[in-house]
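The next block holds one structure in the form of structure tokens; read it before the comments.
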Protein chains: 2
Amino acid sequence: MPAPTPRTTKRADAVRNVERILDAAIICLADKPTASMADIAKQAGLGRVTLYGHFASRAELLEAVVAQVLAKNEHALAAVDLTGNPRDALVRLIDSSWMLTNQARSIIAAAEDELPPARMQELHAGPAARVEALIERGRREGVFRTDMPTSWLVTVIHQILHGAAVEVSTARLDPRDASKRITATILAVLDKPDEMHGRH
Amino acid sequence: MPAPTPRTTKRADAVRNVERILDAAIICLADKPTASMADIAKQAGLGRVTLYGHFASRAELLEAVVAQVLAKNEHALAAVDLTGNPRDALVRLIDSSWMLTNQARSIIAAAEDELPPARMQELHAGPAARVEALIERGRREGVFRTDMPTSWLVTVIHQILHGAAVEVSTARLDPRDASKRITATILAVLDKPDEMHGRH
């Protein structure tokens with residue numbers, strides 16, 4: 001291994017600065033989705049030149065913030081028990097997903113202002129893959145509908161979660177009702193439409 | 001009535017310029033959602049100073065574009081037959097709404113990049129009110145579910161339509177399948193959950 005050189009020290013500084021910027025951005029945006037680059041630099045205790053040296057635009061910074069929040073959430077989601085009845089497992093996964101979405105509501109609002117919806121969907125590829133695998137299992141086990149592609153069902157779940165976040169932000173949805181409402185809506189879409197029929 | 005004065009002539013010029021700008025913006029954004037203020041000024045045959053004189057920012061212009069497109073769509077939606085069975089009427093209204101959403105896909109993508117989701121919902125107050133009234137009637141007539149507020153069901157419909165627009169834009173949804181898929185998804189949410197039960 002080469003001995004530390006000024007270059008690697010500089011790199012360590014850069015990594016530390018990026019961490020400080022991301023932490024500061026998460027604090028600022030959670031407080032105010034319209035927080036500016038200047039607000040974030042001030043919170044991080046760094047100059048604007050340093051900030052722009054790492055993130056050329058607010059959109060670039062928002063991308064990194066969303067990636068960071070999703071990476072942290074990944075731990076919580078990986079801990080959800082996805083075994084057993086796929087419908088019950090989906091309810092557990094949606095509950096956790098909503099808790100995390102609701103916590104990050106202000107950051108999501110900021111990101112949705114700055115990033116195209118298609119980019120937001122791409123950034124959610126990780127959580128989407130987990131939901132997708134569970135839906136696939138539910139389809140194989142005859143619980144979830146199979147007359148629509150799984151990718152569409154995942155999109156609908158994403159849209160319902162994000163719609164609920166907007167509704168809570170604009171006080172049109174009571175956060176205490178949100179979880180039950182979201183689950184009931186998603187299950188109405190996913191449940192096999194001819195389920196009752198099939199039982200006869 | 002006062003005779004035309006330089007002031008009213010100036011106002012007529014301003015109205016004409018705004019019309020030219022909005023027409024140009026719709027053409028440019030339909031072609032490329034990232035079209036710049038400079039692109040739009042050029043298309044309108046106006047200077048950038050004139051453009052910024054009417055719209056202080058791209059966000060302001062996008063708001064006016066969305067309002068204009070929605071006002072035009074209003075005629076098409078007002079022509080939809082909403083009488084008779086509320087479920088059939090809703091299918092007709094969703095079909096027309098999707099046709100218009102799909103036509104305006106590129107402008108919606110531009111607007112969603114520039115305007116907060118809550119603002120987009122506010123701008124859709126007109127079409128939302130029409131959907132809301134129809135859902136209310138369907139609830140009174142025992143066709144649609146009543147265990148969730150109508151405002152939530154309207155939000156879900158909005159989110160599904162806009163999610164479908166993103167899916168078509170990113171080529172994850174075939175436009176030929178979209179209408180059927182959207183209708184089936186929305187009806188799965190709106191249909192009374194205990195309908196089959198109720199029949200026994």
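Remember, it's a predicted structure, so these values are computed and weren't measured experimentally. FYI, side chains are in, hydrogens and waters are out, and symmetry mates aren't considered; it's all heavy atoms of this structure.
- Hydrophobic clustering (ILVMFWY, side-chain heavy atoms < 4.5 Å, transitive): A:L187 and A:W98 are in one cluster.
- In terms of heavy-atom pairs under 4.5 Å with chain B, the best-connected choice from A:A184, A:S151, A:A188, A:A164 is A:A188.
- Cluster membership check: A:I107 does not share its hydrophobic cluster with B:L115, using side-chain heavy-atom separations under 4.5 Å among Ile, Leu, Val, Met, Phe, Trp and Tyr.
- With chain A as the partner, the residue from B:P149, B:A59, B:A165, B:A110 showing the most heavy-atom pairs under 4.5 Å is B:P149.
- Interface remark: B:R119 contributes no atoms to any contact with chain A (heavy atom separation under 4.5 Å).
- Counting heavy atoms from C-beta outward, B:T155 and A:R172 have side chains that approach closer than 4.5 Å.
- Between chain A and the options B:I186, B:L190, B:L173, B:V166, the largest number of non-hydrogen pairs under 4.5 Å is found for B:V166.
- At a threshold of 4.5 Å between side-chain heavy atoms, the hydrophobic network of Ile, Leu, Val, Met, Phe, Trp and Tyr places A:I135 and A:V80 in one connected group.
- Heavy-atom distances place the side chain of B:E167, and not its backbone, under 4.5 Å from chain A.
- Hydrophobic clustering places A:L29 together with A:Y52 (ILVMFWY residues linked when any side-chain heavy atoms are closer than 4.5 Å, directly or through intermediates).
- Of the two parts of B:V189, the backbone and the side chain both hold a non-hydrogen atom closer than 4.5 Å to a non-hydrogen atom of chain A.
- Here CE of A:M148 is found 11.0 Å from CG of B:D177. Values are rounded to the nearest 0.5 Å.
- For A:L153, no part lies near chain B; criterion is any non-hydrogen pair under 4.5 Å.
- B:T185 has its side chain within reach of A:W152: a pair of non-hydrogen atoms, C-beta onward, lies under 4.5 Å apart.
- In the hydrophobic clustering of ILVMFWY residues, with side-chain heavy atoms under 4.5 Å counting as a link, B:L134 and B:L100 come out together.
- In this structure, the portions of B:I160 lying under 4.5 Å from any heavy atom of chain A include both its backbone and its side chain.
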